[in-house]
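Encoded as structure tokens, the structure appears first; notes follow it.
These values consider heavy atoms only, across backbone and side chains, with no hydrogens, waters or symmetry-generated copies.
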Amino acid sequence: PGALGETAKDIPTLTPYLAAPGRQTGASMLILPGGGYGGLAEHEGKGYAEFLAAHGINAYVLKYRLGSNGYRHPIMLQDASRGLRLLRSFALRDGLDPARVGVIGSSAGGHLALMLATMSRADTRVQAVAGFAAVSDHEHKLAERGGLGDGLQALLGRPKEITPEALQELRAISPINRVKAGMPPVGSRISISISLSSSSPSRSFLRNFWRVAFSASEESLASKPGAGGSSTSSTRSSAASSAWRRSLRLALSRVPLIAL
């Protein structure tokens, strides 16, 4: 849907990296490479996929359509959503568990992963989400950056100028504004090895995530990885924080994902 042509750049694809027979854990992972919505970084696709497949996880790298080729939001999110649905169908076809599906993305791909985490549709529900250098707040220091950067211009098809219309659209595509109860566990890192600073947008996203998405007890979260509380809370108690961390570790170990 929404194709501008019939060449390779107009056709989203999934490239499989399957775990060897006898080593499969039953889990599947959708990988969303970064590239500022203008390209796709191979090391954030094939590199992740080979690692996951070596550890028993069927990995699928999504080639989603790009702003540099004329595509605009929400086309990329639609491609990612369709990729998740295909992963579930593959899992059923291959005798794997369609519920044990996760998504990982870096940079622009991390933004897409967080957007998927904030969607409420059952067919895009995942057990865990990991984002590396994932932008969660597009308004963060927007003026200091001189307006919309190349990635946002490619994603939205807008010039760099900050206008009321642009701000409205930026807020709509900022995962930090989309957190809701019932979201899956989310892990976010500036990089695989660097911890988050207290002022980073990703940290703000996780704080909001803890506050809104998880208000259930530690026991219920730990026993149901990937399940969120059914109500919201204005404060994050130490028990809820501990529950989230326990649930995330448990979910990632069962997907399994990678060490965060």
Side-chain angles (χ1 to χ4, degrees), residues 1-5 7 9-10 12 32-41 44 62-84 103 105-121 124 129 131-181 183 186 188-191 196-213 232 234:
L4 301 177
T7 64
K9 66 183 181 182
D10 302 302
L32 307 173
Y37 292 110
L40 296 173
E44 294 171 356
L62 176 67
K63 185 193 77 175
Y64 52 89
R65 287 171 286 183
L66 299 169
S68 56
N69 295 325
Y71 290 97
R72 308 295 180 227
H73 172 77
I75 287 292
M76 301 79 167
L77 187 57
Q78 291 171 1
D79 290 347
S81 299
R82 188 181 182 193
L84 276 178
V103 59
S106 296
S107 187
H111 170 248
L112 275 182
L114 295 186
M115 289 289 283
L116 285 173
T118 63
M119 294 178 68
S120 301
R121 292 173 48 170
T124 57
V129 177
F132 297 116
V135 178
S136 56
D137 184 358
H138 288 294
E139 285 188 89
H140 182 69
K141 296 184 177 180
L142 183 63
E144 295 179 30
R145 299 198 306 268
L148 280 65
D150 293 342
L152 286 175
Q153 292 178 50
L155 177 63
L156 302 176
R158 288 186 172 275
K160 68 181 299 183
E161 286 74 24
I162 304 172
T163 65
E165 294 77 15
L167 283 174
Q168 183 177 7
E169 198 162 8
L170 291 176
R171 288 165 186 155
I173 63 166
S174 292
I176 196 170
N177 298 326
R178 298 164 58 93
V179 175
K180 59 180 72 69
M183 285 173 53
V186 173
S188 184
R189 287 287 186 269
I190 288 180
S191 74
L196 293 169
S197 67
S198 60
S199 61
S200 73
S202 293
R203 176 67 74 182
S204 298
F205 173 81
L206 289 180
R207 275 202 298 264
N208 200 21
F209 181 88
W210 285 326
R211 179 177 65 82
V212 176
T232 61
S234 61

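- Considering CD1 of I173 and CG of L114, their distance stands at 12.0 Å, rounded to 0.5 Å.
- To the nearest 0.5 Å, the span separating CG on L155 from CG on L112 amounts to 8.0 Å.
- Side-chain N or O atoms of Y37 include one that pairs as donor or acceptor with a backbone N or O of A108 at under 3.5 Å.
- Atom CD1 of I176 is separated from atom CG of D137 by 4.5 Å, given to the nearest 0.5 angstrom.
- Considering only residues two or more places apart in sequence or on other chains, R171 meets the salt bridge (Lys or Arg N to Asp or Glu O under 4.0 Å) condition with E139.
- The side-chain heavy atoms of L4 and N69, taken from C-beta on, include no pair separated by under 4.5 Å.
- The two residues S107 and G36 have their closest heavy-atom pair at OG-N, 4.5 Å.
- Counting all heavy atoms, side chain and backbone alike, L170 lies closest to H138 at CD2-CB, 3.9 Å.
- Heavy-atom minimum distance, I75 versus G2: CD1-CA, 4.3 Å.
- Sorted by first and then second residue, the salt bridge (Lys or Arg N to Asp or Glu O under 4.0 Å) pairs with a member in residues 67-80 read R65-D79; sequence neighbours excluded.
- In this structure the side chain of S81 reaches within 4.5 angstrom of the side chain of L116, judged on heavy atoms.
- Looking only at distances, no side-chain donor or acceptor of Y64 sits under 3.5 Å from a matching main-chain atom of Q78.
- In this structure, S68 OG and K9 NZ are separated by 8.5 Å, a value rounded to the nearest 0.5 Å.
- Sorted by first then second residue, the salt bridge (Lys or Arg N to Asp or Glu O under 4.0 Å) pairs that include residues 150-160, not counting sequence neighbours, are R158-E169.
- Smallest separation of non-hydrogen atoms from A117 and V129: CB-CG2, 3.7 Å.
- The two residues M115 and P175 have their closest heavy-atom pair at SD-CG, 4.0 Å.
- The environment of E165 atom CD is dense: over 12 non-hydrogen atoms of other residues, nucleotides or ligands sit within 6.0 angstrom.
- At a threshold of 4.5 Å between non-hydrogen side-chain atoms, the residues L167 and L142 count as touching.
- Across D10 and Y71, no two heavy atoms sit closer than the pair OD1-OH, 2.5 Å.
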